[in-house]
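Heads up, the thing below is written out as C-alpha cells.
The sequence lines fix the lettering, A, B, ..., with proteins before strands; numbering per chain opens at 1. Values reported hereafter were calculated over all heavy atoms of this structure, with side chains retained and with hydrogens, waters and symmetry mates removed.
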2 protein chains.
Amino acid sequence: MFEEICPSTLLPLRVGGDKWAGLVLRCLEDGPRRYSELRVPLARVSPKMLTQSLRALERDGFVRRTEYAAPVRRVMYELTDLGRSLLEPLRAFCDWAEDHWDELLDARES
Amino acid sequence: MFEEICPSTLLPLRVGGDKWAGLVLRCLEDGPRRYSELRVPLARVSPKMLTQSLRALERDGFVRRTEYAAPVRRVMYELTDLGRSLLEPLRAFCDWAEDHWDELLDARES
DNA sequence: CACCACGGTATCCAATCGGTAACCACGCCC
DNA sequence: GGGCGTGGTTACCGATTGGATACCGTGGTG
C-alpha cells in the first residue's frame, strides 16, 4: 500500500510540512485505527516518524487520540471533523495525480 | 502578498517537495511573468530559492520558460496546460484553508 | 567608456528532516 | 516470574533544505 500509487512518490505533496501526514490522514479515512494498525499500511514509515506525524496532526486538530488502559492498552486515532474536511482537497490532489500520471511521467523523463 | 494569507504559513503545503512551488504557480495563474516580476510578490523568497523552484517546475512540466535575447534580455515563465490543471486542486486547498482558518488557529493555540 | 538592469550563480552556514537501532514501561498470560 | 504485545521514546548521525549575501556575464544606454 502506498508504495507506488500515491502522488507522494512522483509529486511529493506534504501537508503540514510533514512528509507522511497526508498518507496518515488517508489511512484514517475509513474509521479509527490503532497505532499498530497504522504501521501495517505505512510499513515504510519508521515508528519515530509515525509518532511525530500523529503528534503534529493531533496538535493541529486533525486527529483525536484516545487512550484506553484496560483490558489491554489500546490507543485509537481518528479523524476530527476538521481532519475529515481536509480529506476533500487531499483527494482532489490524488485524483488529479491519477488523471495526469502519464503526463507526469513524460515530463519527468525528458 | 502571501505574507499571511496563504496556507503555507499556517498549514504548510508543499507541492513537488518544494516550499515555494505552490506560491509560484499561483503567481503565474493570471498569465506569463518575468523573473523580476515574480520577485515582487515573492519578496520573501531568495533568488536562489525562486530559481530552484522554477527549474523544478520546468523539469516537471508545469511551467514553460522562454528566453528572448532582444531587444532587452527577457525571460518569461508561464504555466503549461499541465500546470494550469494543477491549479484546480491547489485552489481547492487554499479555499479549504480560508474556510477553516479559525479552526486552524484555535487548534494551534491549544 | 561607464553604468545599469536583468536574470540569475556561488558560497557559506545553520537548522531541520528523517532513518536506524536500541531501549522502555506497562499489563496480560502462561 | 518470564516472555510477549502494545505503544511508544531516545540517541545518534548523515543528508537535505533553505536563508543571507555577494558576485557575475550580457547587452543596451547615456
Comparing nearest nucleotides in DNA chain C, the 5'-proximal residue of the pair B:Val75, B:Arg14 is B:Val75

Taking C-beta and beyond as the side chain, do A:Val45 and A:Leu38 meet within less than 4.5 Å on heavy atoms? no

message: Closer than 3.5 angstrom, by distance alone: can the side chain of A:Glu37 be matched with the main-chain N or O of A:Arg34 as a donor-acceptor pair?
response: yes

Under a 4.0 Å heavy-atom cutoff, the residues of residues 48-56 of chain A touching DNA chain C are A:Lys48, A:Met49

message: Whether A:Arg84 and A:Glu29 form a salt bridge (side-chain N of Lys/Arg under 4.0 Å from carboxylate O of Asp/Glu) is what I want to check.
response: no

* For the residue pair A:Trp96 and A:Phe93, does the interplanar ring angle fall in the parallel (under 30°), tilted (30 to 60°) or perpendicular (over 60°) class? -> perpendicular

note: A:Glu37, atom CD; D:dG5, atom C1'; distance rounded to Å ~ 14 Å

The side-chain contact (heavy atoms from CB on, under 4.5 Å) partners of B:Glu88 (sequence neighbours excluded) come to none

A:Glu58 atom CD is separated from D:dG7 atom C1', nearest whole Å, by 14 Å

Review point. Can you check whether A:Arg34 has a side-chain N or O nearer than 4.0 Å to OP1 or OP2 of D:dG7?
Key: yes

Residue set satisfying side-chain contact (heavy atoms from CB on, under 4.5 Å) with A:Arg55, at least two apart, ordered chain then number -> A:Thr51, A:Glu58, A:Arg65, A:Tyr77

query: Which is true for A:Tyr77 with a 4.0 Å heavy-atom rule: it touches a base, it touches only sugar-phosphate, or it touches nothing?
result: sugar-phosphate

Nt span of DNA chain C in reach of chain A heavy atoms at under 4.0 Å, 5' end first, is C:dG18 to C:dC28

Judged by nearest nucleotide, the residue sitting upstream toward the 5' end of DNA chain D, B:Val45 or A:Arg39, is A:Arg39

When rounded to whole Å, the CG to C1' distance for the pair B:Leu23 and D:dG18 reads 15 Å

Hits for side-chain contact (heavy atoms from CB on, under 4.5 Å) against B:Arg64, two or more places apart or cross-chain, chain-then-number order -> B:Thr66, B:Glu78, B:Thr80

Original post:
Do A:Arg74 and A:Glu67 meet the salt-bridge criterion of a basic N to acidic O distance under 4.0 Å?
Top reply: no

The contact string for nucleotides 22-30 of chain D, one letter per nucleotide 5' to 3', using protein heavy atoms under 4.0 Å with B, S and - for base, sugar-phosphate only and none, comes out as -----SS--

Can you tell if the side chain of A:Asp18 reaches within under 4.5 Å of the side chain of A:Trp20, non-hydrogen atoms only? yes

Students often get this wrong, so: under 4.0 angstrom with heavy atoms, is B:Ser36 touching a base, only sugar-phosphate, or nothing? sugar-phosphate

When every non-hydrogen atom of A:Gly22 is compared with those of A:Leu90, the smallest separation belongs to O-CD2, 3.7 Å

- Query: Would you find a donor on one side and an acceptor on the other, under 3.5 Å apart, between the side chain of B:Asp60 and the backbone of B:Phe62?
  - Reply: no

